[in-house]
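What follows is a single structure, written as C-alpha cells, with notes after it.
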Amino acid sequence: MSASVRAAARAMRAVVVREFGGPEVLKVEEVAVPQAEGKQVLIKVSAVGVNPVETYIRSGTHNIKPPLPWTPGCDVAGVVEEVGKEATKFQKGDRVFTRGSVTGAYAEFTVAEEDTTFRLADRLSFQQGAAIGVPYMTAYRALFHRTHGKPGETVLIHGASGGVGLAAVQLAKAHGMVVMGTAGSSEGMELVKKNGAAHVFNHREEGYMDKIMAATAGVGVDLIIEMLANVNLEKDLELLARHGRVGVVGNRGPTQINARAAMTKETSIIGVMLYHMDAKELGETVAALYAGFTQGTLNPVVGREYSLEQAPEAHKDIIETKAMGKVVFTV
C-alpha cells in the first residue's frame, strides 16, 4: 500500500522504539498518521536526517529519555500535507525542512511546529534538505554564536567529513576564514578539501599535529570545532594560538586535560548545544543559511542513504564507520 493511500486511511509506516537498547530495538510498525493542531504542520516526509544523538537516546544512555513508545528523529524534508488551524506560515504543497518534530521523524508523515519548520530552497533536493537542520544549525552556532569566529581567523575542524563537519567547513569558508580540517581516510580528506578546506590532515597518522602547527607557521589555530572531545581535547589545547577557543560539539566519554595548557595561552573551552538557541539567534541562523543555499555557497553533502527498514543498520554505521557526508533515510 502506498504512503498516499495509507494517509487517506490515516495509517503510515514509522520506526517505533518500545524499549531502550541496541539498534535492534528500532522496528517499523503501522501506526496512525498524526494530526496537525494549533500552529503545527503535517509533513509528508521524503527524507530524514540521522544524527548521532539519536543513537545515544535510543540506547538509554543519554540524559534525555523520551516516554516510550518513541519515534526518533528531528530533521525531515518533505511537502506540507496539512496545517493546523492557527498556522499561518505554510500551506499545502510547500517544500520544507525541519529542525524539530513533535511526533518523530523516522516516519512517512510527521508533525512539526511551524516555528521549527522552514522553506527548502528550490535548488536543493529533499535528501539535502534532510541534511540541514541539526548539522548546519549546530555548525553555525558553534562558529559564530559560541566561539565568535571572524573573517581572517584560522579554524581547525576535527571530524570534518561528517554532516556537522562539512557544514562547518562550508560556513567558515564562506565567512572568509582559513579552513583546516581532519578526517580518518583518504576519501574523507578529499571530500573535506573539495568542500573548501585549504589544508586537510589525517587524524589517524602519527605526527599530524606537527603538520597542523607547521601549516600555521608555528602560531597555532585561532579556533577549533571539536566533534570528539574525549579523544582530542588535550591535543586541541596544544594546537591553539594565544586566546584561541575550542567549541565542543561532540563528546562520547570523560577526558583528562592539563588545565595549565589553557592558562598559558589564555585559551577557552566552550560548550555548544543547539537547543539553547533562542528565537533571535534562530532567525539570524535561518537567514544566513537560506542566503547560502540560494546563492550556492552552501551545499549539503548526502552520504549513505537507507530505507526506514534499515534503521538498525543506519544507527550502527553512523557510529562505527568513517563519516562521509550526512546519513539519511529516503522515505
Can you list every side-chain hydrogen bond (donor to acceptor under 3.5 Å, both in side chains) pair that touches residues 82-96, not counting sequence neighbours?
Lys89-Asp115, Asp94-Arg119
Applying side-chain hydrogen bond (donor to acceptor under 3.5 Å, both in side chains) as the test, list every pair that has at least one member in residues 192-202; sequence neighbours left out.
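side-chain hydrogen bond (donor to acceptor under 3.5 Å, both in side chains) check on residues 192-202 returns Gln170-Asn195.
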Those residues that, when tested against [X], pass side chain to side chain donor-acceptor pair (under 3.5 Å) (two or more places apart):
X      : value
Lys265 : none
Thr61  : Ser59
Thr103 : Thr110
Glu205 : Lys211

Keeping to residues at least two apart or across chains, list the ring-ring contact (aromatic ring centres under 6.0 Å, His included) pairs with something in residues 241-277.
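ring-ring contact (aromatic ring centres under 6.0 Å, His included) check on residues 241-277 returns no pairs.
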What residues, two or more places apart in sequence or in another chain, satisfy side-chain contact (heavy atoms from CB on, under 4.5 Å) together with Ala142?
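Ala142: side-chain contact (heavy atoms from CB on, under 4.5 Å) contacts with Ile225, Val249, Val272.
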With Glu37, which residues qualify under side-chain contact (heavy atoms from CB on, under 4.5 Å), at least two apart?
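So Glu37 forms a side-chain contact (heavy atoms from CB on, under 4.5 Å) with Gln40.
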How are the rings of Phe118 and Phe97 set to each other: parallel, tilted or perpendicular (split at 30° and 60°)?
tilted
Only one of Asp236, Leu228, Val246 clears side chain to side chain contact (heavy atoms under 4.5 Å, CB included) with His158; which?
Asp236
How would you list, by chain and number, every residue that makes a ring-ring contact (aromatic ring centres under 6.0 Å, His included) with Phe144, sequence neighbours excluded?
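In terms of ring-ring contact (aromatic ring centres under 6.0 Å, His included), with neighbours along the sequence ignored, Phe144 is linked to Tyr140, His175.
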Residues that His315 engages under ring-ring contact (aromatic ring centres under 6.0 Å, His included), provided they are two or more places apart:
Tyr106
What donor-acceptor contacts under 3.5 angstrom involve side-chain atoms of residues 285-296, with partners at least two apart or in another chain?
from, atom 1, to, atom 2, distance (Å)
Thr285, OG1, Glu281, O, 2.8
Thr294, OG1, Tyr290, O, 2.9
Thr294, OG1, Ala291, O, 3.1

